[in-house]
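What follows is a single structure, written as structure tokens, with notes after it.
When a ligand or atom number is given, it counts from 1 through the structure's own listing order.
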Amino acid sequence: MSMLLHACCGPCSMYPLELLGTMGKDLDVFWFNPNIQPQFEWDRRYDNLVKAADHYNVRLIRQGEGCEEEYWRSGEYLKEFSSRCEMCYDVRMDAVAKAAMEGGYTSFSTTLLVSPYQQHDRIAQIASSKADKYGVRFEYMDFRPGFRHGQDLAREIGLYRQKYCGCIFSLEESKFYDKIVRSFEPPEL
Ligand code: SF4
């Protein structure tokens, strides 16, 4: 009974991986997050997820490359979706459901369901529609009660904990913008 668990980042994966491990779930972790911009941040979040997956000794499958800033800025997706977040959830749930079907997994889920800052119910609705589309079960789990615990676990193993959601707009809207952008700059030699 294997699950393919979409992971948005290392810190948000900690509690779901701990919980699913104690439940004895057989699972692989799936990375597909074209919403993370700029490239430096995409690399940094992926590297942190590698650490989280190693910590829990689970296999990590990577799909896609970063970063899609130009597409996000174009607004092209608004012809099909009502908002950028709607598109952002849709493309990621579509990818994990399709990969679960193609890989012969029994079910899929996502670490996006741990965050109190995301549109939890909408993510679950979209994931359910992708389950119907690909004929693979969406395993809904409300991970939110473990959000703070997961952040503590991330701190304990030294994971980088990001200060913005992911896309270029969420970076530009962040009150930590200056500090974050400075962190992208290479150190002086
Ligand atoms: S704010 Fe977050 S969920 Fe919305 S489009 Fe940006 S990265 Fe995706």
Side-chain angles (χ1 to χ4, degrees), residues 4-16 29-50 52 60-99 108-131 133 138-144 146-148 150-151 154 159-184:
L4 190 60
L5 179 69
H6 168 264
C8 57
C9 64
C12 285
S13 303
M14 294 299 287
Y15 175 67
V29 175
F30 180 72
W31 166 266
F32 175 74
N33 294 293
N35 56 309
I36 298 172
Q37 295 133 20
Q39 184 66 46
F40 180 94
E41 181 73 7
W42 191 93
D43 294 338
R44 183 156 67 174
R45 292 194 197 185
Y46 176 72
D47 290 346
N48 269 263
L49 180 60
V50 170
L60 172 59
I61 298 165
R62 166 174 155 166
Q63 182 171 300
E65 300 296 329
C67 109
E68 301 203 352
E69 186 178 328
E70 275 178 37
Y71 174 69
W72 245 250
R73 286 207 185 275
S74 76
E76 273 297 298
Y77 50 82
L78 292 174
K79 292 176 186 162
E80 189 181 348
F81 299 100
S82 60
S83 71
R84 72 174 193 254
C85 297
E86 187 82 5
M87 177 272 293
C88 187
Y89 297 142
D90 191 284
V91 294
R92 290 187 282 169
M93 293 306 95
D94 195 270
V96 65
K98 185 167 186 280
F108 72 94
S109 194
T110 175
T111 63
L112 287 167
L113 296 172
V114 80
S115 173
Y117 305 112
Q118 297 287 345
Q119 298 172 40
H120 187 95
D121 294 344
R122 190 66 191 122
I123 293 165
Q125 285 169 353
I126 292 172
S128 294
S129 75
K130 301 302 178 183
K133 178 178 174 183
F138 165 54
E139 203 155 334
Y140 170 75
M141 300 189 80
D142 187 354
F143 296 122
R144 287 175 296 184
F147 178 73
R148 293 286 160 214
Q151 295 296 309
L159 294 189
Y160 154 70
R161 288 172 306 122
Q162 61 268 9
K163 296 275 188 290
Y164 68 103
C165 192
C167 67
I168 196 67
F169 299 111
S170 61
L171 169 60
E172 290 169 355
E173 289 161 4
S174 170
K175 63 182 179 182
F176 300 105
Y177 178 83
D178 289 338
K179 192 173 171 195
I180 296 164
V181 169
R182 269 202 306 278
S183 78
F184 295 148

[atom] - nearest protein heavy atom and its distance:
atom: atom 2 (Fe) of ligand 1; result: Cys165 SG, 2.3 Å
atom: atom 6 (Fe) of ligand 1; result: Cys167 SG, 2.4 Å
atom: atom 8 (Fe) of ligand 1; result: Cys88 SG, 2.4 Å
atom: atom 4 (Fe) of ligand 1; result: Cys85 SG, 2.3 Å

**Fill in**
side-chain contact (heavy atoms from CB on, under 4.5 Å) test vs Arg92 passes for just one of Ile126, Asn35, Ile123, namely Asn35
Under 6.0 Å between ring centres, would you say that holds for [X] and [Y]?
X: Tyr140; Y: His120; result: yes
X: Phe169; Y: Trp72; result: no
X: Tyr77; Y: Tyr71; result: yes

**Prompt:** Does the pair Arg44 and Glu41 meet the rule for a salt bridge (Lys or Arg N to Asp or Glu O under 4.0 Å), with working shown?
**Reply:** CA-CA 5 Å; Arg44 183 156 67 174; Glu41 181 73 7; 2.8 Å; yes
**Request:** For Arg84, counting its heavy atoms only, list the atoms of ligand 1 lying under 4.0 Å from any of them.
**Result:** 1 (S), 5 (S), 6 (Fe)
**Prompt:** Near Asn35, which atoms of ligand 1 are under 4.0 Å from a heavy atom of that residue?
**Reply:** 7 (S)
